[in-house]
2 protein chains.
Amino acid sequence: MITLTPAAAADRAGVSIDTLRYYEREGLIGPIRRSAGGRREYTEDDLFWIGMVTCFRDAGLGIADLRGFVAILRAEHSPQERVVFLRERRAALEQRVAALCRAMEVLDEKIAYYS
Amino acid sequence: MITLTPAAAADRAGVSIDTLRYYEREGLIGPIRRSAGGRREYTEDDLFWIGMVTCFRDAGLGIADLRGFVAILRAEHSPQERVVFLRERRAALEQRVAALCRAMEVLDEKIAYYS
DNA sequence: GTCGGATCTGGAGCGCGCTCCAGGTCAAGA
DNA sequence: TCTTGACCTGGAGCGCGCTCCAGATCCGAC
């Protein structure tokens with residue numbers, strides 16, 4: 001199985017090595033497999049998962065939110081529970097979008113005023 | 001002129017009194033007029049401005065961003081400069097919306113999978 | 001006048017999400 | 001074998017955006 005070094009993984013994920021380790025400590029990713037010497041070896045699966053985490057982080061979800069997300073997707077939960085949780089998260093994101101849209105409207109007003 | 005006490009203003013703005021003072025210290029609002037005894041008296045204009053600030057804060061802009069915003073709207077800048085600045089801010093907000101949409105797509109996939 | 005609640009100030013404290021550091025280990029190349 | 005650089009761990013430090021606190025002041029109600 002082809003794996004990536006921490007530096008390569010961080011580069012691919014667009015975050016720092018420290019951040020990757022931090023996410024692992026927080027239980028957001030991994031645990032990442034280690035080489036005989038103790039170095040982390042990131043698989044494509046790891047990278048995929050990391051991509052999901054960074055996607056949500058970019059969207060502004062907090063570490064605690066993501067821990068919940070991980071728990072829901074990994075642990076034993078009924079599909080119903082998962083769907084409820086996921087829909088809640090989605091609604092929260094929609095509210096953020098709404099807040100952004102309000103702010104953009106204000107900006108548009110100002111832009112129109114000064115144009 | 002009818003004015004509001006700090007408590008009333010904070011209530012109307014949906015933030016804490018401390019936050020209002022903090023915003024004033026940071027130059028995001030005010031300076032708020034004071035009564036003879038030194039208490040703040042918030043006018044409707046103040047409230048309007050505070051509403052704009054909280055709108056942008058809700059949208060995720062940082063204090064530094066808002067300071068820039070205030071500077072642009074208050075100080076002597078040409079309309080062109082203002083428009084450039086405002087468009088930049090708008091573009092940044094659009095990127096946030098895009099990030100949120102990506103995250104929502106991921107959620108939608110998961111929701112579809114578990115439904 | 002007195003009481004009590006709201007407000008004042010300057011500054012300390014806090015939770016979040018990293019980021020950095022010291023001191024040590026591992027491993028590829030000369 | 002030796003060097004060099006990437007990586008390891010645990011823990012400290014940091015910037016942001018508040019939030020809280022102590023100690024003082026103000027002011028409406030009694």
Side-chain angles (χ1 to χ4, degrees), chain A residues 2-43 46-47 50-70 89 92 96 99 103, chain B residues 2-43 46-47 50-70 89 92 96 99 103:
Chain A
I2 168 173
T3 58
L4 296 180
T5 64
D11 189 56
R12 275 265 302 266
V15 298
S16 73
I17 295 180
D18 270 328
T19 297
L20 245 26
R21 281 196 288 246
Y22 172 66
Y23 287 170
E24 191 177 350
R25 267 204 303 281
E26 296 297 321
L28 270 40
I29 61 174
I32 306 299
R33 222 189 43 201
R34 304 304 185 94
S35 71
R39 275 83 195 289
R40 290 176 180 79
E41 298 179 325
Y42 294 87
T43 66
D46 290 331
L47 264 288
I50 291 168
M52 223 169 51
V53 168
T54 55
C55 174
F56 287 132
R57 283 292 302 124
D58 289 345
L61 276 78
I63 301 300
D65 290 325
L66 280 164
R67 252 192 307 254
F69 192 80
V70 169
R89 295 292 101 207
R96 279 170 194 267
Chain B
I2 169 173
T3 58
L4 297 180
T5 64
D11 189 55
R12 275 263 302 267
V15 299
S16 73
I17 295 180
D18 270 328
T19 297
L20 245 27
R21 281 196 288 249
Y22 171 66
Y23 286 171
E24 192 178 350
R25 266 204 305 280
E26 295 298 320
L28 270 41
I29 62 174
I32 307 298
R33 221 188 44 201
R34 304 304 184 93
S35 72
R39 272 81 194 290
R40 290 176 179 80
E41 299 178 325
Y42 294 86
T43 66
D46 289 332
L47 264 288
I50 290 168
M52 223 169 53
V53 167
T54 55
C55 174
F56 287 132
R57 282 293 301 123
D58 290 344
L61 275 78
I63 301 300
D65 290 324
L66 280 164
R67 254 194 304 256
F69 192 78
V70 169
R89 293 294 101 205
R96 279 170 193 268

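So that the names make sense, note that chain A is the first sequence line, chain B the second, and so on, each numbered from 1.
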Rounded to the Å, how far apart are A/Glu26 CD and C/dT19 C1'? 14 Å
Rounded distance in Å - OH (B/Tyr23) to C1' (D/dC16): 12 Å
Taking only nitrogen or oxygen atoms into account, show me every contact under 3.5 Å that the protein makes with nucleotides 10-12 of chain D, one pair per line with its distance.
none

With B for base contact, S for sugar-phosphate-only contact and - for none (protein heavy atoms under 4.0 Å), nucleotides 22-30 of chain D reads ---BBS---
Mind listing the closest non-hydrogen atom pair of A/Arg21 and A/Arg40 along with its distance? CD-NH1, 3.6 Å
When rounded to whole Å, the CZ to P distance for the pair A/Arg67 and C/dC18 reads 12 Å
B/Ile63 CD1 to D/dG17 P, straight-line distance once rounded to whole Å: 5 Å
With a 4.0 Å cutoff (strictly under), does any side-chain N or O of A/Arg34 reach OP1 or OP2 of C/dC26? no
Say whether, by atom type as modelled, one donor and one acceptor occur between the side chain of B/Arg12 and the main chain of B/Leu47 under 3.5 angstrom. no
B/Gly62 or A/Ala7, whichever maps to the more 5' nucleotide of DNA chain D: A/Ala7
Between B/Arg57 (CZ) and D/dC16 (C1'), how many Å, whole number? 9 Å
B/Tyr22 side-chain proximity, nearest of D/dC7, D/dG17, C/dC8: D/dG17
Which pair of heavy atoms, one from B/Leu28 and one from B/Val70, lies closest together, and at what distance? O-CG2, 3.6 Å
For B/Ile63, does its backbone N or O pair with a side-chain atom of B/Glu26 as donor and acceptor, under 3.5 Å? no
Mind running side chain to side chain contact (heavy atoms under 4.5 Å, CB included) on B/Arg39 and B/Thr5 for me, showing each step along the way? CA-CA 8 Å; B/Arg39 272 81 194 290; B/Thr5 64; over 6 Å; no
Between atom CG in B/Leu61 and atom P in D/dC18, what is the gap in whole Å? 12 Å
In whole Å, I'd like the distance from the CD atom of A/Glu24 to the P atom of C/dT19. 17 Å
Hey, is the side chain of B/Thr19 poking within less than 4.0 Å of OP1 or OP2 on D/dG17, counting only N and O atoms? no
When rounded to whole Å, the CG to P distance for the pair B/Leu28 and D/dC18 reads 9 Å
Tell me if a side-chain donor or acceptor on B/Asp46 pairs with a main-chain N or O of B/Thr43 at a distance below 3.5 Å. yes
Residues A/Ile32 and A/Glu24: closest non-hydrogen pair is N-OE2, 3.1 Å
Which atom names give the shortest non-hydrogen contact between A/Arg89 and A/Asp65, and what distance separates them? NH1-OD1, 3.1 Å
If you assign B/Thr5 and A/Ala64 each to the DNA chain C nucleotide with the nearest heavy atom, which residue ends up on the more 5' nucleotide? B/Thr5
Might you point out which heavy atoms bring B/Ala103 and A/Ala59 nearest each other, and give the distance in Å? CB-CB, 3.5 Å
